[in-house]
Amino acid sequence: AGDQSGDEGTILIADVPAGDYVVTETQAPEGFSTGTPQEITVAEGETATVTFENVETPPAIGSVRIVSTGPEDVSAGGGTYEVDGVEVTDNGDGDGDAAPGVILIDGIQVGQYEVTETAAPPGFLGAGPQPADVAEGEAAEVAFVHEPAPPETGGLEFQLQDPEGN
């Protein structure tokens, strides 16, 4: 005997023998918890109704831990990174780790992400995006290895004059 209702959110099972039953929801809609089992009595010739209240379950979350280094594993602090629309600067708002070059972003939903560097640490060239696989209750570790930026240069113009200004 399957669902004979046809209405979304309603299940009708016909021809249930009269008697007492415990009705259990075995699968809730995605993102919701199952309801509590309920006792009902089906009377002869009647349709008993039971309603399950499904409570929304919060999404599973984890963290992303970004480690930013330069040559020889020297910390490269001060960069800005983006994960799932959340942008955090090293030791700024949203960084859960005070160590320079280590950025901890909490509250990221479980899933696979691309972590991008939106601003390189001062004195370093930018690094390409890195993958992160966030698991529930865990910190996905992502490494950004930077090369030093070339020194900034400018020009120098000399004017040579004799004591008379020529």
Side-chain angles (χ1 to χ4, degrees), residues 2-3 5-13 21-40 49-157:
D3 178 14
S5 162
D7 294 335
E8 187 172 331
T10 301
I11 298 172
L12 174 64
I13 302 172
Y21 296 91
V22 175
V23 180
T24 303
E25 181 181 32
T26 58
Q27 183 177 354
E30 187 174 330
F32 291 85
S33 65
T34 56
T36 304
Q38 299 181 39
E39 295 180 7
I40 63 163
T49 300
V50 62
T51 301
F52 287 96
E53 184 174 327
N54 301 115
V55 177
E56 188 171 3
T57 55
I61 59 169
S63 304
V64 174
R65 183 174 185 265
I66 301 164
V67 178
S68 173
T69 60
E72 301 177 18
D73 288 332
V74 173
S75 175
T80 302
Y81 302 86
E82 187 270 329
V83 180
D84 193 31
V86 176
E87 189 173 76
V88 176
T89 298
D90 186 22
N91 293 327
D93 289 342
D95 181 4
D97 191 311
V102 179
I103 301 91
L104 180 64
I105 304 172
D106 292 319
I108 302 296
Q109 286 190 18
V110 168
Q112 295 181 342
Y113 297 94
E114 182 175 83
V115 181
T116 56
E117 182 176 68
T118 58
F124 293 95
L125 297 173
Q130 301 293 320
D133 190 6
V134 178
E136 185 172 7
E138 301 289 326
E141 183 120 351
V142 179
F144 282 84
V145 180
H146 298 88
E147 294 296 323
E152 293 183 18
T153 60
L156 180 60
E157 182 179 302

Applying side chain to side chain donor-acceptor pair (under 3.5 Å), which residue pairs with at least one partner in residues 98-111 are found, sequence neighbours left out? Ser63-Asp106

Separation between OH (Tyr81) and OG (Ser68), nearest 0.5 Å, reads 3.0 Å

Test item: Ile108 and Tyr113 side chains (from C-beta on) under 4.5 Å apart, heavy atoms: yes

Heavy-atom closest pair, residues Glu25 and Gly35: OE1-N, 2.5 Å

Under the 3.5 angstrom rule, does the side chain of Asp97 hit a backbone N or O of Ile103 as a donor-acceptor pair? no

Check: Leu125 main-chain N/O paired with Glu147 side-chain donor or acceptor under 3.5 Å: no

Determine yes or no for a side-chain-to-main-chain donor-acceptor pair under 3.5 angstrom, with Asp90 supplying the side chain and Gly101 the backbone. yes

Just how far is it from atom CD of Glu82 to atom CD1 of Ile105, taken to the nearest 0.5 Å? 8.5 Å

Determine the sole option in Thr118, Thr80, Thr116 for which the side chain to side chain donor-acceptor pair (under 3.5 Å) test with Glu87 is passed. Thr118

Going from CD1 on Ile13 to CD1 on Ile11, what distance comes out if it is rounded to the nearest 0.5 angstrom? 7.0 Å

Ser75 side chain vs Pro100 backbone, donor-acceptor pair below 3.5 Å: yes

What side-chain donor-acceptor pairs closer than 3.5 Å can you find for residues 132-142, not counting sequence neighbours?
residue: Glu141; atom: OE1; partner: Arg65; partner atom: NH1; Å: 3.0
residue: Glu141; atom: OE2; partner: Arg65; partner atom: NH1; Å: 2.9

Do you know the tightest heavy-atom contact between Phe144 and Gly128? CE2-O, 3.1 Å

